[in-house]
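Residues take their numbers from the sequence shown, with the count starting at 1. It should be emphasised that the depicted structure is a prediction, and the values quoted were computed from it without experimental measurement.
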Amino acid sequence: MSDLEVPLTERPKRKKIWVDYFVNFRWIIVIFVVLPISFTLYFLTYLGDVKSEMKSYKKRQKEHDENVKKVVKRLKERNASKDGLVCTARKPWIAVGMRNVDYKRARHFEVDLSAFRNILEIDTERMIAKVEPLVNMGQISRATVPLNVSLAVVAELDDLTVGGLINGYGIEGSSHIYGLFSDTVVAYEIVLADGQVVRATKDNEYSDLFYAIPWSQGTLGLLVSAEIKLIHIKEYMKLTYHPVRGSLKDLAQGYIDSFAPRDGDQDNPDKVPDFVETMIYNPHEGVMMTGRYASKEEAKQKGNKINSVGWWFKPWFYQHAQTALKKGEFVEYIPTREYYHRHTRCLYWEGKLILPFADQFWFRFLLGWLMPPKVSLLKATQGEAIRNYYHEMHVIQDLLVPLYKVGDALEWVHREMEVYPIWLCPHKLFRLPIKTMIYPEPGFETQRRQGDTSYAQMYTDVGVYYAPGPVLRGEVFDGSEAVRRLEQWLIENHGFQPQYAVSELNEKNFWRMFDGGLYEETRKKYKAVGTFMSVYYKCKKGRKTEKEVQEAEQAQLETPYAELDL
């Protein structure tokens, strides 16, 4: 963690309570309980993946079809007047996101999707991967990278699943070329509310459903498989680390210049790197990283440095990148799969809060092979008091903002939260034939700001993950109020907040941030209303009762979303 500057506004000191002491010593539970269980679960999952890979594609498809029939049968057993709304049987704490899955505390009808975790096919001729929704990024990269192919967008953390990245939000350093994870999907296999199984593509009769599924949080139907775009890759990533110093606006411009040609030639592969990532370590220093795929022959040429960052004893990636601030610009070659998952072992820099000494050499060498702790187990071992503490004293938010406003976003985060490091990753927000829940600014194509093209506006993810400066200094900090101000700033600046995060939005403001037109139309057309909970209510903070759920669904049927003012 970089040294924080003197606070912009003086805050009173906060009195410590028992939860503070429990959080400070939570590392004991993590080391002796969470890490051993996590390692065991990772190993058992790996064995399951190996077993699945040993089956023929034909057998996997046959098992998939049988499992889909079970889902259809289960849905048709539901009595709408007695059984409540449909949700998956997945336990609330298993989700990787920080949002409380409190809607499952209300009466509901569970459908078990736990069997849907197989890669059904890797088609290197069509360049398509057909996978089930519980396939995670570690699993898919193990299967594809040895073939010198990969998903176009591979989210960094191993545990992130295809279903979560589609129904929610997924981004990577290649998103400035390919868009968000959901933009790389070419077909969805969905079980609708009435048990009908459909395949939705952008140009068939279910094209409206195809465009409505991203960001819908599984509230339009049950995703049972997806066909995702593959790209050709090489064995190594040639990564350049470039330090930048100056004001936050200077750092923002340096970040933009690292991947967006000033002449507007954004589609020129000679000018645009394959991967982009920036980390802002304090208000005056950051490291810009750009990567290009490189062959094994190139990487092993004399004089080139190969860095296998995946070894458990290696320095955490964000700390390794920070060394560029001292030694200046440098280049190294990283094995491609290890580069994809460079932030997994330390959970970006959240690992420093979970285990304050885990980045030390002695710990990495002795116990680093147990890292990372599974996020789901960390959530399972925290009570409600601890969970509420983290919501107030901890920030895990992603701000999706137009690229030209990244400097404003950095200044806002510094002024309101003082969280460092900050992660920056760009992505294209495409202009689609149908207006979806997230969409570019009107008229962006005529402005043609740096990074934009005629068909997509360049956005950026501003990743804010850590304890705010006031909390680290023992000062009063109101996390809920800070999130409310953040969400208001995003609405005013045509930004978006991924729904995995804790949100304070009421329903009116939720639909000010997102466009609900297509979503509401498809909800009614495919009979999701009354079967699946609405996306707002699923994301709403706090506990949900059966009565609240029923009233919310009834309101969906009777009142246009734009008229709600809750």
Side-chain angles (χ1 to χ4, degrees), residues 1-6 156 173 236-259 273 275-292 294 299 301-335 338-339 341-353 355-365 368 371 406-407 410-411 413-414 418-426 462-467 469 472-473:
M1 176 79 180
S2 303
D3 292 335
L4 295 169
E5 291 193 332
V6 177
E156 291 92 342
Y236 284 85
M237 185 65 63
K238 179 183 179 183
L239 196 63
T240 301
Y241 302 79
H242 178 68
V244 175
R245 292 178 171 85
S247 67
L248 286 171
K249 286 292 181 70
D250 293 332
L251 300 183
Q253 189 58 53
Y255 161 65
I256 295 171
D257 289 339
S258 71
F259 69 93
F275 271 76
V276 177
E277 176 182 37
T278 285
M279 285 179 275
I280 308 297
Y281 290 95
N282 59 58
H284 303 294
E285 295 179 315
V287 176
M288 321 295 160
M289 285 155 281
T290 55
R292 290 185 178 275
Q301 287 179 5
K302 186 177 181 180
N304 290 341
K305 179 182 178 181
I306 294 177
N307 182 9
S308 297
V309 299
W311 286 103
W312 74 87
F313 51 81
K314 287 279 189 171
W316 287 357
F317 183 77
Y318 82 96
Q319 294 175 334
H320 170 66
Q322 193 174 9
T323 62
L325 293 174
K326 290 185 177 180
K327 63 183 183 182
E329 182 174 309
F330 66 96
V331 177
E332 63 185 13
Y333 292 80
I334 301 174
E338 295 182 23
Y339 176 76
H341 302 296
R342 62 201 177 278
H343 292 300
T344 290
R345 190 155 41 93
C346 55
L347 300 175
Y348 288 90
W349 29 89
E350 284 288 300
K352 185 72 172 174
L353 283 178
L355 290 171
F357 44 79
D359 61 336
Q360 300 300 307
F361 174 78
W362 63 268
F363 183 91
R364 297 199 315 268
F365 185 78
M371 293 289 282
V406 65
L410 291 175
E411 290 182 341
V413 171
H414 176 71
E418 272 189 279
V419 174
Y420 292 98
I422 294 174
W423 186 65
L424 299 179
C425 184
V462 181
V464 187
Y465 328 121
Y466 210 71
L472 296 175
R473 293 190 295 267

Residue pair [X] / [Y], side-chain heavy-atom distance below 4.5 Å:
{"X": "Trp349", "Y": "Asp359", "value": "no"}
{"X": "Ile422", "Y": "Val462", "value": "yes"}
{"X": "Val287", "Y": "Gln322", "value": "no"}
{"X": "Tyr339", "Y": "Val309", "value": "no"}

Apply the test side chain to side chain contact (heavy atoms under 4.5 Å, CB included) to residues Tyr466 and Glu350: give CA-CA distance (whole Å), side-chain angles for both, the deciding distance (0.1 Å), then the verdict. CA-CA 6 Å; Tyr466 210 71; Glu350 284 288 300; 4.2 Å; yes
Nearest-0.5 Å distance, [atom1] of residue [X] to [atom2] of residue [Y]:
{"X": "Lys305", "Y": "Leu239", "atom1": "NZ", "atom2": "CG", "answer": "11.5 Å"}
{"X": "Leu248", "Y": "His284", "atom1": "CG", "atom2": "NE2", "answer": "7.5 Å"}
{"X": "Tyr348", "Y": "Glu156", "atom1": "OH", "atom2": "CD", "answer": "3.0 Å"}
{"X": "Leu424", "Y": "Ile256", "atom1": "CG", "atom2": "CD1", "answer": "9.5 Å"}
{"X": "Leu410", "Y": "Tyr420", "atom1": "CG", "atom2": "OH", "answer": "7.0 Å"}
{"X": "Asn282", "Y": "His414", "atom1": "CG", "atom2": "NE2", "answer": "9.5 Å"}

Is the charged tip of Arg364 near the ring of Phe361: under 6.0 Å from the six-membered ring centre and within 45° of its axis?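 No, cation not above the ring by the 6.0 Å, 45° rule.
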Heavy-atom pair with the smallest gap, counting every atom of [X] and [Y]:
{"X": "Ala324", "Y": "Pro243", "answer": "O-CG, 3.4 Å"}
{"X": "Asn307", "Y": "Pro335", "answer": "O-CD, 3.5 Å"}
{"X": "Cys425", "Y": "Tyr255", "answer": "C-OH, 3.2 Å"}
{"X": "Leu251", "Y": "Val244", "answer": "CD2-O, 3.3 Å"}
{"X": "Val406", "Y": "Ala252", "answer": "CG1-CB, 3.6 Å"}
{"X": "Tyr333", "Y": "Ala294", "answer": "CE2-CB, 3.7 Å"}

Criterion side chain to side chain contact (heavy atoms under 4.5 Å, CB included) on Arg342 and Met289, from CA distance to verdict: CA-CA 13 Å; Arg342 62 201 177 278; Met289 285 155 281; over 6 Å; no
Could you tell me whether the side chain of Arg292 and the main chain of Thr240 form a donor-acceptor pair under 3.5 Å?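 No.
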Check: Arg345 side chain, Lys314 main-chain N or O, donor-acceptor pair, under 3.5 Å: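 Yes; judged by distance alone, with no hydrogens or angles, the pair exists.
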Could you walk me through whether Phe259 and Met288 satisfy the side chain to side chain contact (heavy atoms under 4.5 Å, CB included) test, starting with their C-alpha distance in whole Å, then the side-chain angles of each, then the deciding distance to 0.1 Å, before giving a yes or no? CA-CA 10 Å; Phe259 69 93; Met288 321 295 160; over 6 Å; no
Under the side chain to side chain contact (heavy atoms under 4.5 Å, CB included) criterion, do Glu338 and Met237 qualify, and how do the steps go? CA-CA 9 Å; Glu338 295 182 23; Met237 185 65 63; over 6 Å; no
Is it the case that the ring center of His343 lies less than 6.0 angstrom away from the ring center of Phe317?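 Yes.
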Do Trp423 and Tyr318 have ring centroids that are under 6.0 Å from one another?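 Not under 6.0 Å, so no.
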When you look at CZ of Phe313, are more than 12 heavy atoms from neighbouring residues, nucleotides or ligands closer to it than 6.0 Å?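 Counting neighbours around CZ of Phe313, more than 12 heavy atoms of other residues, nucleotides or ligands fall under 6.0 Å, so yes.
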Is the number of heavy atoms from other residues, nucleotides or ligands within 6.0 Å of NZ (Lys327) greater than 12?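 Check passes, neighbour count above 12.
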Side-chain donor-acceptor pair present, Lys238, Asn304, cut-off under 3.5 Å: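 Not at all, the side chains of Lys238 and Asn304 share no donor-acceptor pair under 3.5 Å.
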